[in-house]
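Worksheet: one structure, shown below.
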Amino acid sequence: MISGRRDPPEEIFFYTCMYKAKKDAGAVIHCHPPVAVSLVATGKTIVPIHQHSIKFGKGIPTSPWLYGTWQEDGEKAAKMIANNCALMIKGHGANVTGKTIQEACLNTVHLERTAKMILWAQSVGKVSPFPAAVVKKYERVEAERVTRRGSRPPRSPEWNYYEWMIKRGERWNTW
């Protein structure tokens, strides 16, 4: 975004304000995941309902409509995401962060996958997110893993799988 041959993204403030506000953000993704956007349009929150969505804590916050070409909207988004790794923007899309590009990409995949799972679950009953105690235990276990691993970034088997498919020239879908 600072140098190179391409023009900066139109919604530049969704990136720059997020990097300023979240010191641990090594990557920021702004995207328009259709199922997640549809879900929050109904007033629902994307909550942790499976292992890969526990990272969403009490649920992904949702902001009113914002547009990242305006600095004030980028600042609002950065404030609303707070300690979460994602923010849904009603009627627009999502901002997703991670310590690495790998983590941000997988957080984005898990965001859309969780939205799909919530829609499927709601078709047969009430969605029950993980209790706060489970989320806290998960956070503790993950913190212990980071301590054992040291500064070495994790290499997710899911990431490895997607990378393998791309190298083979295969199309893939996060389902």
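Reckoned from all heavy atoms, side chains included, excluding hydrogens, waters and symmetry mates. Just so we're clear, the structure is a prediction, and the values are computed from it rather than from any experiment.
In plain terms, the two heavy atoms of Val135 and Pro48 that are nearest each other are CG2-CG, 4.4 Å. When every heavy atom of Ala27 is checked against every heavy atom of Tyr19, the shortest pair comes out as CA-OH, 3.5 Å. Residue Leu111 comes nearest to Ala36 through the heavy atom pair CG-CB, 4.4 Å, listed as atom of the first residue, atom of the second, then distance.
Within 6.0 Å of the CD atom in Glu144, the count of heavy atoms belonging to other residues, nucleotides or ligands exceeds 12. For Glu10, the CD atom sits in a loose shell: 12 or fewer heavy atoms of surrounding residues, nucleotides or ligands are nearer than 6.0 Å. Other residues, nucleotides and ligands place more than 12 heavy atoms under 6.0 Å from the CG atom of Asp24.
A donor-acceptor pair under 3.5 Å links the side-chain atoms of Lys23 to the main chain of Lys20, judged by distance alone.
Put simply, CD on Gln102 and CD on Glu163 are 8.5 Å apart, with the number rounded to the nearest 0.5 Å. Here the CD1-CZ distance, from Ile89 to Phe14, works out to 3.5 Å after rounding to the nearest 0.5 Å. Atom NZ in Lys22 sits 8.0 Å away from atom CE in Met18 (nearest 0.5 Å). Interatomic distance, OH of Tyr138 versus CZ of Phe130, reported as 10.0 Å (0.5 Å rounding). Rounding to the nearest 0.5 Å gives a distance of 9.5 Å between CD of Glu112 and CG of Leu39. We find the CH2-CD distance between Trp70 and Glu75 to be 14.0 Å, quoted to the nearest 0.5 Å.
Tracing side-chain contacts under 4.5 Å through hydrophobic residues (I, L, V, M, F, W, Y), one reaches Val109 starting from Trp164; they form part of the same cluster. Clustering ILVMFWY residues whenever any of their side-chain heavy atoms sit less than 4.5 angstrom apart, transitively, puts Trp120 in the very cluster that holds Val127. Residues Tyr67 and Ile12 fall into different hydrophobic clusters, defined by Ile, Leu, Val, Met, Phe, Trp and Tyr side chains chained together at heavy-atom separations under 4.5 Å.
Using a cutoff of 4.0 Å between basic side-chain nitrogens and carboxylate oxygens, Arg145 and Glu142 are scored as salt-bridged.
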Run Arg113 and Glu158 through salt bridge (charged side-chain N to carboxylate O under 4.0 Å, His left out) and show every step you take. CA-CA 13 Å; Arg113 186 178 294 156; Glu158 185 175 11; 3.0 Å; yes
Walk me through it: do Gln122 and Leu119 pass the test side chain to side chain contact (heavy atoms under 4.5 Å, CB included)? CA-CA 5 Å; Gln122 286 177 339; Leu119 283 173; 4.1 Å; yes
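Taking the side chain as every heavy atom from C-beta outward, Gln71 and Phe13 approach each other to under 4.5 Å. Using a 4.5 Å heavy-atom cutoff, the side chains of Cys17 and Lys79 are not in contact. In this structure the side chain of His52 never reaches within 4.5 angstrom of the side chain of Thr114, judged on heavy atoms. Contact annotation: the side chain of Ser63 approaches that of Met80 to within less than 4.5 Å [non-hydrogen atoms, C-beta and beyond]. In this structure, the side chains of Lys136 and Val141 stay at 4.5 Å or more apart for every pair of heavy atoms. Between Ile118 and Ile46 there is a side-chain heavy-atom pair separated by less than 4.5 Å.
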Donor-acceptor pairs are to be reported for all side-chain atoms of residues 91-98 against protein atoms at under 3.5 Å, with residues two or more places apart or in another chain.
unit_1	atom_1	unit_2	atom_2	d
His92	ND1	Leu66	O	2.8
His92	NE2	Glu11	OE2	2.9
His92	NE2	His30	NE2	3.0
His92	NE2	His32	NE2	3.3
Asn95	OD1	His30	ND1	2.7
Thr97	OG1	Cys85	O	3.4

Report all side-chain donor-acceptor pairs from residues 53-60 shorter than 3.5 Å, counting only partners two or more places apart or in another chain.
unit_1	atom_1	unit_2	atom_2	d
Ser53	OG	Ile49	N	2.9
Ser53	OG	His50	N	3.0
Ser53	OG	His50	O	2.9
Lys55	NZ	Asn107	OD1	3.0
Lys55	NZ	His110	ND1	2.7

